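This report refers to the structure that appears directly beneath it.
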Protein chains: 2
Amino acid sequence: MRGAAGGANLLALRSHNTALVLDLLRTAGGAGISRLELAERTGLTPQAVSKITGRLRGEGLAAEAGRRASTGGKPRTVLRLVPGAGHALGVHLDRDELRAVLVDLDGTVVAERRAPLDLGAGAETVLEMVARAAEELAAEGLGHLVAEGARVPGAALAAAPTLLGLGVALPGPLDHVRGVLHRITGFPGWDGYPLREALERRLGVPVVVDKDTNAAALGLAVGGAGAEEGSEEGSGAGVEAGGEGGSGAGVEAAGAGARGGSFAYLHLGTGLGAGLVFGGGVHRGARTGAGEFGHQVVQLDGPPCTCGARGCIEALCLAAVARGDLAEAARVLGTGAANLAGLLDIDLVLLGGRTVAAAPEAFVHGVGAVLDARARREGGHDGPVPVRLAPAGTRGVAEGAAQLLLAPLFGRGEGG
Amino acid sequence: MRGAAGGANLLALRSHNTALVLDLLRTAGGAGISRLELAERTGLTPQAVSKITGRLRGEGLAAEAGRRASTGGKPRTVLRLVPGAGHALGVHLDRDELRAVLVDLDGTVVAERRAPLDLGAGAETVLEMVARAAEELAAEGLGHLVAEGARVPGAALAAAPTLLGLGVALPGPLDHVRGVLHRITGFPGWDGYPLREALERRLGVPVVVDKDTNAAALGLAVGGAGAEEGSEEGSGAGVEAGGEGGSGAGVEAAGAGARGGSFAYLHLGTGLGAGLVFGGGVHRGARTGAGEFGHQVVQLDGPPCTCGARGCIEALCLAAVARGDLAEAARVLGTGAANLAGLLDIDLVLLGGRTVAAAPEAFVHGVGAVLDARARREGGHDGPVPVRLAPAGTRGVAEGAAQLLLAPLFGRGEGG
DNA sequence: TGCACTTTGGCAACACCGTTGCGAAAGTAG
DNA sequence: CTACTTTCGCAACGGTGTTGCCAAAGTGCA
């Protein structure tokens, strides 16, 4: 709601309330939600909700979808988001693979691409690969929406009426606001590359760039991390730890995807990073560099890390993994998680990444044990912070990248 | 702006914009600010600002105060906050001392009390001491505002028309929302004590309770931490480190007190704690327990801490202080600060507390050196995070406690 | 001294927001 | 079929920031 200056006018008021309603419609998913429920959840009057939803229906973003059972009077009409009213592209540039998805407003993946990738091939080459994948996905998923005459190669994206833009997620520190990469460890050719500007010029649609961990965290935040279903894709999504000693804390945390939820997503793959979510939005910090978790020092004068420091979590954790000592790796990771949870007082810790996926139970239980111990030391006024496996599968980061474009629609931009 | 539900109506819109204008008036201080400047800073139209300031003048919260030099036309009229239009009481319950202040809207201390304290004397005794100090301060600073007939002992506070309430800051974890103490280390009699409720019943004015570190951080946030003046009270306020390698990062950080500023206040006294400020507001976390900094583990399997864990910053740091090795203490503290700064990407680190005050240079330079080294490792796209001595003197926590009541007026409640 | 110009800031009309009062629509219960 | 409950839209309303216009209060130049 607050722009750069902070003053709010009537347009901002409307945008805020509209985004709130859209977010609730999205969260409700296929089940839908009635006008009166929307009124209760937003605190607005039913009449205001009717006006807002009427406008949304006029714009094609919402539609009526059946009605509820009566409770003694006129039954409530159920409203539903029209998923096809908007789309976004998400691209995940990993160290050895490119994954691209086209999602609709609901976050459902409409089309998907996957290709081997060599970040060392240079920015121009990779840029062209991204553009090609984006155009193919748009043609596959949105081709029927494009007017016949507009189907000229190279202008496919700009011609798609429902496409909101493209989100790119990649490792390494970068400037999220300006869309400029700082560096990618091991690939010096990327230093200072203005990825957003280059892609926007090439594709003609809005582009947003973010760290992979932030994208993953955003995807989890809007996807309702820790929600009931959990039968998404990952086979080990049911694994959980840390709820035993708690007084209902696990139940509380189940709604982490809702507004106000806060969690940390810890990603352990070839490196270690974190994405922080406070109040439903990603915390990026003053210079959009937040989430530097791997190089937190947890062992003064410990073994040297590639970054030049000593005793970094990443170095300790990966060394333990390399020698097969998963229990120790989980203990180190848990120590970092406990530090983080104590400092920020979050609701939930989510674990992800290839290394975690290779042995989910070991990490979830190991990290959970450390958090349990900490909670017990503190006297247990509140239960321990629950630890779960991030439900998103291998394409979770790409989906999160697409959410970089969708989130502002739902009022999830910048911290809430 | 967002309440529990999130929906915003016209009243909320007005409150938001009014708070924004009040905050700018407060920040401008004695120099004042013109209507057009307010319009530029808020993004509102000049006419909207005129309406808002007109309302504020009608309520006695703002007044015209001279005019600027002309720039070729009608000179701008300068507006100023009327400091006496509102007051708040702030109490700091330290382990061995009670400090209470009465401040006006501007944050200026109008009256002050100080008394030795024994937290072990029991909640009732301390409660009575707080109430007595509050009533004395109110009588001293606000007596002339109270109608003659209303001057009956025990009802002094409720009768003072400009008094917004009382803020209490004290060590140890607590529930800020409900105003209930969890515990105070070393004083088991306080476990679970409903301090807010008890004080509100005793005094008849709104009461807010918070951790001492949060109160200090809030005081620094609204006081413009790192601003130019610095000639407050602390003799070593000029000490600074970490700006040398930076590209103007120090200048940027000078505005940490303004909206959008983010910093961490690290308090090293008998214990070690932190207060986090993002976007001008205190980050308290999901269960208002954030800022647990002292028991971050920075040495796996290190020496045992009183909390039961091993290798906590607090234990390592205080042990180093005890044996006179301030350089090592600063290095440990700096390691924790670097972890924190990397994780959250803050603008500034502020140091305070008795132990720091006893040797400011050693800590500021020692912590700054660790942050410098980290920034240099990362390639230095941005300069290192500056480290400064918190400018607030010994009564800073009490002033911050009073700001717990004033901050909501200026839109600084809960995260900006 | 007088006139032209610039800039500030208030008055009035306006568009738009959520709110309130009221009634039509659409069910259930008897 | 009637009485009742509940949902939801239409119309009028109060209040918000915005726009168009004009008076006030300066400066600069002839």
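Chain A is the first sequence line, chain B the second, and so forth, proteins listed ahead of strands; every chain is numbered from 1. Computed from a prediction, not measured in an experiment: that's the story for all the values here.
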Item checked: For atom CD of B:Glu37 and atom C1' of C:dT7, their distance in whole Å -> 14 Å
Next item on the list: Could you check B:Ile52 against A:Val78 and say which one's nearest nucleotide on DNA chain D is further toward the 5' end?
Entry: A:Val78
Note to self: Under 4.0 Å from OP1 or OP2 of D:dC8: is there any side-chain N or O of A:Ser50 that close?
What the structure shows: no
Next item on the list: Write down the distance between CD (B:Gln47) and P (D:dG15), rounded to a whole number of angstrom.
Entry: 18 Å
Next item on the list: Hey, can you tell me if A:Phe278 and B:Phe278 have their rings parallel, tilted or perpendicular (30° and 60° cut-offs)?
Entry: parallel
Margin query: Need one value for B:Leu36: base, sugar-phosphate or nothing, where a base atom within 4.0 Å counts as base even if backbone is also close, heavy atoms only.
Written below: sugar-phosphate
Next item on the list: Name the nucleic acid region contacted by B:Thr77, choosing base, sugar-phosphate or nothing; use a 4.0 angstrom heavy-atom cut-off, strictly under.
Entry: sugar-phosphate
Notebook entry, point to check: Can B:Arg68 and B:Ser34 be said to form a side chain to side chain donor-acceptor pair (under 3.5 Å), step by step?
Noted result: CA-CA 8 Å; B:Arg68 288 271 163 76; B:Ser34 73; 4.7 Å; no
Note to self: Assuming nearest nucleotide by heavy-atom distance, tell me which of A:Ala48 and B:Glu64 is located more 5' along DNA chain C.
What the structure shows: B:Glu64
Note to self: Both A:Gly73 and A:Pro46 contact DNA chain C. Taking the nearest nucleotide for each, which residue is further toward the 5' end?
What the structure shows: A:Pro46
Next item on the list: Identify whether any heavy atom of A:Pro75 sits under 4.0 Å from a base atom; if not, whether one sits that close to sugar-phosphate; answer base, sugar-phosphate or nothing.
Entry: sugar-phosphate
Next item on the list: With the side chain counted from C-beta on, respond yes when A:Glu64 and A:Arg35 share a heavy-atom pair under 4.5 Å apart, and no when they do not.
Entry: yes
Margin query: Rounded to whole Å, how long is the line connecting atom CG of B:Asn9 with atom C1' of C:dT20?
Written below: 14 Å
Check: Could you give the NZ-to-P distance, from B:Lys74 to D:dC22, as a whole number of Å?
Finding: 17 Å
Check: How long is the line joining CZ of A:Arg14 and P of C:dT19, in whole Å?
Finding: 16 Å
Next item on the list: Look at A:Ser70 and C:dT28 and indicate whether a side-chain polar atom (N or O) is within less than 4.0 Å of OP1 or OP2.
Entry: no
Next item on the list: Please report, rounded to the nearest Å, how far the C1' atom of C:dC14 is from the CG atom of A:Leu10.
Entry: 12 Å
Note to self: Could you check whether any side-chain heavy atom of A:Leu61 comes within less than 4.5 Å of a side-chain heavy atom of A:Val82, counting everything from C-beta outward?
What the structure shows: no
Notebook entry, point to check: Side-chain donor or acceptor of A:Lys51 under 3.5 Å from a matching atom on the base of D:dG9?
Noted result: no
Next item on the list: Grab the CG-P distance between A:Asn17 and C:dC16 for me, whole Å please.
Entry: 17 Å
Checklist line | Value in whole Å for how far the P atom of C:dT7 lies from CD of B:Glu40 | finding: 13 Å
Note to self: Students often get this wrong, so: under 4.0 angstrom with heavy atoms, is B:Arg68 touching a base, only sugar-phosphate, or nothing?
What the structure shows: nothing
Checklist line | Within-4.5 Å side-chain heavy-atom neighbours: B:Val21 and B:Thr53 | finding: yes
